[in-house]
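To start, the structure itself, in structure tokens.
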Protein chains: 2
Amino acid sequence: MANSSATIRDVAKLAELSVASVSRVLNGHGNVHADTRKRVLKAMDTLGYVPNAAARSLSTARSHAIGIVLPDLHGEFFSELVRGMDMAASDANYMMLLSTMHADRERAIQALSAMRGRIDGAIVMAPQLSPEDLRRALPAGSPAVLVNSPEEDGQHHNLRIDNRGGVTLMVRHLLASGRKRIVHLAGVAENLDAVERKQAFCDTMKALAPELPVRVLDGDFTDTGAELLVQQLLASGEEFDAIFAANDMMALGALKVLRTIGISVPGQVAVAGFDDIPLASFLDLTTMRIEISDFGKRAVERLVAELSNDAPPATLERVTPTLITRATTASG
Amino acid sequence: MANSSATIRDVAKLAELSVASVSRVLNGHGNVHADTRKRVLKAMDTLGYVPNAAARSLSTARSHAIGIVLPDLHGEFFSELVRGMDMAASDANYMMLLSTMHADRERAIQALSAMRGRIDGAIVMAPQLSPEDLRRALPAGSPAVLVNSPEEDGQHHNLRIDNRGGVTLMVRHLLASGRKRIVHLAGVAENLDAVERKQAFCDTMKALAPELPVRVLDGDFTDTGAELLVQQLLASGEEFDAIFAANDMMALGALKVLRTIGISVPGQVAVAGFDDIPLASFLDLTTMRIEISDFGKRAVERLVAELSNDAPPATLERVTPTLITRATTASG
DNA sequence: CTTCTTTATGTAACCGGTTACATGACGCGT
DNA sequence: ACGCGTCATGTAACCGGTTACATAAAGAAG
């Protein structure tokens, strides 16, 4: 029966060899006689030996694990992101250490510290951290890929969404389909993407339709938050014929309220989101598609490349989303 | 500047103390003079010292991490599950090592092995593994909580969904609202929950309405798969007035087809699912609600209790879902 | 039959923590 | 003054791997 904790010395003893030989077999090093290899393998098998990862990473200073720090896990955006990361990680034979930083900037730093010694590199998504905090959280030399995070001084590769490009496409689409009074539901103010999208919305409106009003409501990226905002908007009696939310969840919240109240979508009001979470296609929501799982996959692949020392120079890499037009913005 | 890799001996040297004292301060042990503590803390700070987790877990045989092995990461079910786990883990100060086993039973075992030495215990969701495989994957003594997995011989705690209870509630609801010809869309045949639900459906129908036909179509838990099934069903011309899918994704697929074709829901056909993923409420789908994130949370809490040695006896724990009636099954 | 390689194996130090035990200083009771 | 308990600190072994280096055996070359 498999002993629950056989060590390499146990294997060596049983095979009547030294630990070095066992280790060599274990790691497929050269210069091991075929007989020796066989004896080692048999011993490992009868003992049910599994090498201890902690010991191994202590002596090699490599853990074959990467840390993932995310702001939250709510919703399909993160589920897709993690799925993509998992695919890439498992292809490259890395484990994933997952952690969230519950909106608390101190805990983000703490989470990263707790990973010291267990990971070879990290993927950090910290849209609400300042570059300052970020530098503090990431030991200068440690390999890391930043996802949707503030730019530091080029220490780490940065993977971002081309928010400006995406917003421009969407605004153009809404205007083209005849909408005049577009309300933007912005995301949480601390979030980098939210800020960029909001700014891009204002700029694009000014540029493409200077005569129209630029209307922005500050939301929080949640459907329930958006529901409240739209209810207030309706109560205020203000006119509008389109809602462009900074993410799909808010768009769906808006959609829910409009439909409940009995306002026709897209008849009276068009609704558009951002992200293209799987839910969006079910509800026929027009949105900007980011291939989220690819995004996660890309981040891991980049990190692994860095760990294998064939890393391209650390740059800012932007992924441009594509416009997916669906029923919620069909021409009124 | 923070040295990227100061060790405990560096700290000891700088503070002019022994490593033992530093370690004592680090772990908050008693019998440390206030001055000593202060000196140690100052040294740690100036060096930017962070203890190496691998070294620590090697000597304490504790890693303060738990392994999570899931069959897949697709969709909101898993995102919610992981979110719940993360909450509990972070509350208990544990890290999460996440891994999937890509439908390959060998890789499940392999994944678990790779975690040896890096985790204190595991949470395994393996609906498609045999008890045999499971025993092989989990070293006899290692603490683990099984989620929706086949029962072994009581070695590990098992957290399951009360599928029979849930199905019974739903069938009763459908019959009570006047449905006569209910079609069950079953999940993948290898999946334990799918099997239980299917079996429970047949049994319940026989028990509650022996005069009615028992109709089952074998699906695969995906929306697209369900779409095909429903299209075939419609093409066959067979009569039916209700679809009860083994999970929400399939129910949504069915819903999509019915609506596209122009069949009124719930007028002509009622549709019900299972799981209550967030999407379900958006589409007003009647379903059985499992508090998924609580489910994940519960699993971690149970494992942590086990690791803290105040574990109740390993039993089979069933969580009963509740019936959420929505528009898709309103009385025709 | 030496001597020089080549190949296979063993020895022991090391990675960076923890901790049992030893040591030394100090205060207290008698 | 002496012995003893208490408290703070230091020493060194240990956790389970890896690996540089030493060593031994076997084969090649002269």
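Reminder, nothing fancy here: chain letters follow the sequence lines and each chain counts from 1.
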Taking the nucleotide of DNA chain D with the nearest heavy atom to each, does B/Thr60 or B/His33 sit closer to the 5' end?
B/His33
Spacing of B/Ile8 atom CD1 relative to C/dC15 atom P, expressed in whole Å:
14 Å
Relative to the 5' end of DNA chain D, which residue comes earlier, A/Pro51 or B/Thr36, by the nucleotide with the nearest heavy atom?
B/Thr36
Closest listed nucleotide, where the reference is the side chain of B/Arg9 and the choices are D/dT18, D/dA8, C/dG17:
C/dG17
Nearest of C/dC15, D/dG10, C/dT18 to any side-chain atom of A/Leu58?
C/dC15
For B/Arg39 and D/dA8, give me the distance from atom CZ to atom C1', rounded to whole Å.
12 Å
Give a yes or no answer on whether the side chain of B/Asn191 reaches the backbone of B/Asp193 with a donor-acceptor pair at less than 3.5 Å.
yes
Spell out, as yes or no, whether a donor-acceptor pair under 3.5 Å connects the side chain of B/His64 to the backbone of B/Asn93.
yes
Any side-chain N or O of B/Ser21 under 4.0 Å from OP1/OP2 of D/dG10?
yes
Write down the distance between CZ (A/Arg24) and C1' (D/dT18), rounded to a whole number of angstrom.
10 Å
Using atom NZ of B/Lys13 as one end and atom P of C/dG16 as the other, report the distance to the nearest whole Å.
12 Å
Student check: side-chain heavy atoms of B/Met96 and B/Val82 closer than 4.5 Å
yes
Check every atom of D/dT19, D/dG16, C/dT18 against the side chain of B/Ser59 and return the nucleotide holding the closest atom.
C/dT18
From the candidates C/dG17, C/dT9, C/dT19, the one with an atom nearest any side-chain atom of B/Ala20 is C/dT19
Among the nucleotides C/dT18, D/dG10, D/dC7, whichever has the atom closest to the side chain of B/Ser18 is D/dG10
Salt bridge B/Glu301-B/Arg298, side-chain N to carboxylate O under 4.0 Å
no
With a 4.0 Å cut-off on heavy atoms, is A/Val19 in touch with a base, just the backbone sugar-phosphate, or nothing at all?
base
Salt bridge B/Arg302-B/Glu317, side-chain N to carboxylate O under 4.0 Å:
no
Tell me: CG of A/Asp35 to C1' of D/dA26, nearest whole Å?
15 Å
Candidates C/dT19, C/dA12, C/dG17 - which lies nearest the side chain of B/Thr7
C/dG17
Below the 4.0 Å mark, does C/dT18 have OP1 or OP2 next to a side-chain nitrogen or oxygen of B/Arg56?
yes
May I ask you to say whether B/Lys297 pairs ionically with B/Glu291, meaning some side-chain N is under 4.0 Å from a carboxylate O?
no
Between D/dA8, C/dT18, C/dG17, spot the one nearest the side chain of B/Asn31, thanks.
D/dA8
Just how far, in rounded Å, is P of D/dT19 from CG of A/Asn27?
7 Å
For the pair made of CG in B/Leu17 and P in D/dT11, what is the distance, rounded to whole Å?
11 Å
A/Met44 atom CE is separated from D/dG17 atom C1', nearest whole Å, by 14 Å
Taking the side chain of A/Ser23 as its heavy atoms from C-beta onward, which of D/dG16, C/dG17, D/dT19 lies nearest to it?
D/dT19
